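Note that the coordinates shown come from a computational prediction; the quantities given were computed from them, not determined experimentally. Order of the sequence lines sets the chain letters (A, B, ...), proteins ahead of strands, with each chain counted from 1.
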There are 2 protein chains.
Amino acid sequence: MAETRTQPSSTPSDDDSPSCRSGDHEHQPLRFDDSACERAAAIFRALGDPQRLRLLIMLEARSCCVSELAEVLQEPLPAVSQRLRVLKTERIVRSRREGKHVFYNLADAHISRLVTNGVMHAMEDS
Amino acid sequence: MAETRTQPSSTPSDDDSPSCRSGDHEHQPLRFDDSACERAAAIFRALGDPQRLRLLIMLEARSCCVSELAEVLQEPLPAVSQRLRVLKTERIVRSRREGKHVFYNLADAHISRLVTNGVMHAMEDS
DNA sequence: TGTACAGTTGCAGGACTGTGCAAGTGTAAG
DNA sequence: CTTACACTTGCACAGTCCTGCAACTGTACA
């Protein structure tokens with residue numbers, strides 16, 4: 001999907017460059033996927049909220065049920081459920097029912113590493 | 001503001017647990033940094049926009065000036081400048097002036113890996 | 001000094017997102 | 001069957017973010 005993207009009128013030729021042509025505009029026609037870009041942005045956006053990130057950090061340690069998360073973070077249960085729903089929509093977390101409780105955990109190790117890297121960077125950065 | 005937030009009636013004591021007390025609520029008092037969490041979320045949020053992410057993917061390959069980015073991505077220059085400003089505020093990109101042009105590049109390898117991981121995950125995921 | 005180019009900033013309008021409470025669903029226990 | 005608990009969903013409000021255009025700053029060059 002979206003190979004070579006719509007680039008009809010202004011292919012960066014040699015003499016038609018409308019902006020700086022100081023000689024360093026040789027680039028490939030964007031070989032990265034367009035929809036992947038959008039999907040990645042959606043994931044990052046879901047990660048871009050302190051409350052949700054806190055949830056994920058807890059879930060990185062182990063599976064938790066909703067009420068436990070709500071209790072530890074001192075937040076109303078509907079709020080936690082709502083945030084988990086956002087994360088689940090982006091397939092960042094997975095849920096399984098166990099009797100009366102619903103346990104959530106991170107979807108895969110890839111996501112786990114993403115969260116870890118982000119927080120680590122934030123800690124050492126400032 | 002709002003430290004410890006208003007939570008008057010339901011402090012989770014030992015026997016007063018209002019939610020599930022099935023015996024798996026032994027957790028540490030959140031040893032992860034609170035401000036780091038907020039900082040990480042800010043970074044993720046800045047990454048959570050397809051247009052900005054596209055910019056970063058281009059910058060991951062090499063430094064680019066604003067007009068080059070605008071030309072390749074087929075966007076108005078002020079829009080690109082605005083997005084770069086957001087990324088610079090979060091210290092995701094760095095800028096240096098070179099004569100008439102302003103070149104941008106990723107702030108460090110950590111960010112670079114974060115972007116790569118996110119996009120890679122999005123590509124293989126779906 | 002004046003002109004052209006490269007970027008930045010300001011300011012509306014509109015869309016999207018998070019929040020809180022109330023009501024609904026579903027499961028286990030009496 | 002009824003009650004209690006665990007969670008989910010709906011809805012309205014407020015805040016926030018993205019966008020586009022116009023005006024401004026700053027640099028190079030004649």
Side-chain angles (χ1 to χ4, degrees), chain A residues 17-25 38 41-55 63-90 93-104, chain B residues 1-2 5-7 9-10 12 16-25 38 41-55 59 63-90 93-104:
Chain A
S17 51
S19 50
C20 56
R21 66 270 195 231
S22 35
D24 57 319
H25 276 207
E38 204 127 351
I43 293 176
F44 280 133
R45 166 172 298 188
L47 264 47
D49 179 87
Q51 316 269 47
R52 284 196 293 261
L53 203 52
R54 225 181 297 273
L55 243 38
S63 299
C64 298
C65 66
V66 186
S67 48
E68 174 177 4
L69 293 166
E71 179 187 333
V72 173
L73 298 176
Q74 294 276 293
E75 290 176 42
L77 203 136
V80 174
S81 182
Q82 180 82 349
R83 297 193 230 288
L84 288 170
R85 185 174 187 255
V86 173
L87 295 172
K88 192 178 179 182
T89 300
E90 297 301 333
V93 299
R94 225 182 281 275
S95 69
R96 67 177 194 283
R97 176 152 226 133
E98 230 169 76
K100 187 183 288 190
H101 294 275
V102 178
F103 284 85
Y104 282 83
Chain B
M1 72 280 274
R5 55 206 325 259
T6 58
Q7 191 85 3
S9 58
S10 77
D16 179 46
S17 54
S19 51
C20 54
R21 66 272 197 228
S22 37
D24 58 323
H25 274 207
E38 205 127 349
I43 294 176
F44 280 133
R45 166 172 298 188
L47 264 48
D49 179 87
Q51 317 268 50
R52 283 196 294 261
L53 203 50
R54 226 181 297 275
L55 244 38
L59 292 178
S63 298
C64 297
C65 65
V66 185
S67 47
E68 174 177 3
L69 293 166
E71 180 189 329
V72 174
L73 298 177
Q74 294 277 293
E75 290 177 44
L77 203 136
V80 174
S81 182
Q82 180 82 348
R83 298 194 229 287
L84 288 169
R85 186 174 187 256
V86 173
L87 294 172
K88 192 178 179 182
T89 300
E90 297 300 333
V93 299
R94 225 182 283 274
S95 69
R96 68 178 193 281
R97 176 151 227 137
E98 229 168 78
K100 187 183 289 191
H101 293 275
V102 177
F103 283 85
Y104 282 82

Asks: Does a side-chain N or O of A:Y104 approach OP1 or OP2 of D:dT8 to a distance below 4.0 Å, or not?
Replies: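 True: A:Y104 side-chain N/O within range (under 4.0 Å) of D:dT8 OP1/OP2.
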Asks: Quick one: A:E75 CD to D:dT8 P, roughly how many Å, whole number?
Replies: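 Those two atoms, CD and P, are 15 Å apart.
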Asks: Expressed as a whole number of angstroms, how long is the span from B:R96:CZ to C:dT8:P?
Replies: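 Computing the B:R96:CZ to C:dT8:P distance gives 14 Å.
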Asks: If you look at every heavy atom in A:R45 and B:D49, which pair is closest and at what distance?
Replies: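 Shortest heavy-atom contact: NH2-OD1, 4.3 Å.
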Asks: So if I define the base as every atom that isn't primed, P, OP1 or OP2, how would nucleotides 9-30 of chain D read as a B/S/- string at a heavy-atom cutoff under 4.0 Å?
Replies: B-------SSB--B----SS--
Asks: Without decimals, in angstroms, what is the distance between B:L77 CG and C:dC5 P?
Replies: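 Taking atom P of C:dC5 as the reference, CG of B:L77 is at 13 Å.
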Asks: For A:T89, check side chain to side chain donor-acceptor pair (under 3.5 Å) against everything at least two apart and list the hits.
Replies: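 A:T89 satisfies side chain to side chain donor-acceptor pair (under 3.5 Å) with no residue once adjacent residues are dropped.
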Asks: Is any side-chain heavy atom of B:E68 closer than 4.5 Å to one of B:H101?
Replies: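 Side-chain contact under 4.5 Å: no.
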Asks: Give a yes or no answer on whether the side chain of B:R52 reaches the backbone of B:A46 with a donor-acceptor pair at less than 3.5 Å.
Replies: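 Flag set: sc B:R52 to bb B:A46 pair under 3.5 Å.
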Asks: Of all the heavy-atom pairs spanning B:L59 and B:Y104, show the shortest one and how long it is.
Replies: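 For B:L59 versus B:Y104, the nearest heavy atoms are CD2-O, 3.3 Å.
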Asks: Expressed in angstrom and rounded to an integer, what is the separation of A:E68 atom CD from D:dC5 atom P?
Replies: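 So the CD-P distance, A:E68 to D:dC5, works out to 19 Å.
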Asks: Roughly how far, to the nearest 0.5 Å, is CG of A:L87 from CG of A:L47?
Replies: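 If I round to the nearest 0.5 Å, the distance is 7.5 Å.
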Asks: Which listed nucleotide (D:dC7, C:dT8, C:dA6) is nearest to the side chain of A:V66?
Replies: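 Out of D:dC7, C:dT8, C:dA6, the nucleotide with an atom closest to A:V66's side chain is D:dC7.
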Asks: Calculate the interatomic distance between A:L84 atom CG and C:dG18 atom P; express it in whole Å.
Replies: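 From A:L84 CG to C:dG18 P: 13 Å.
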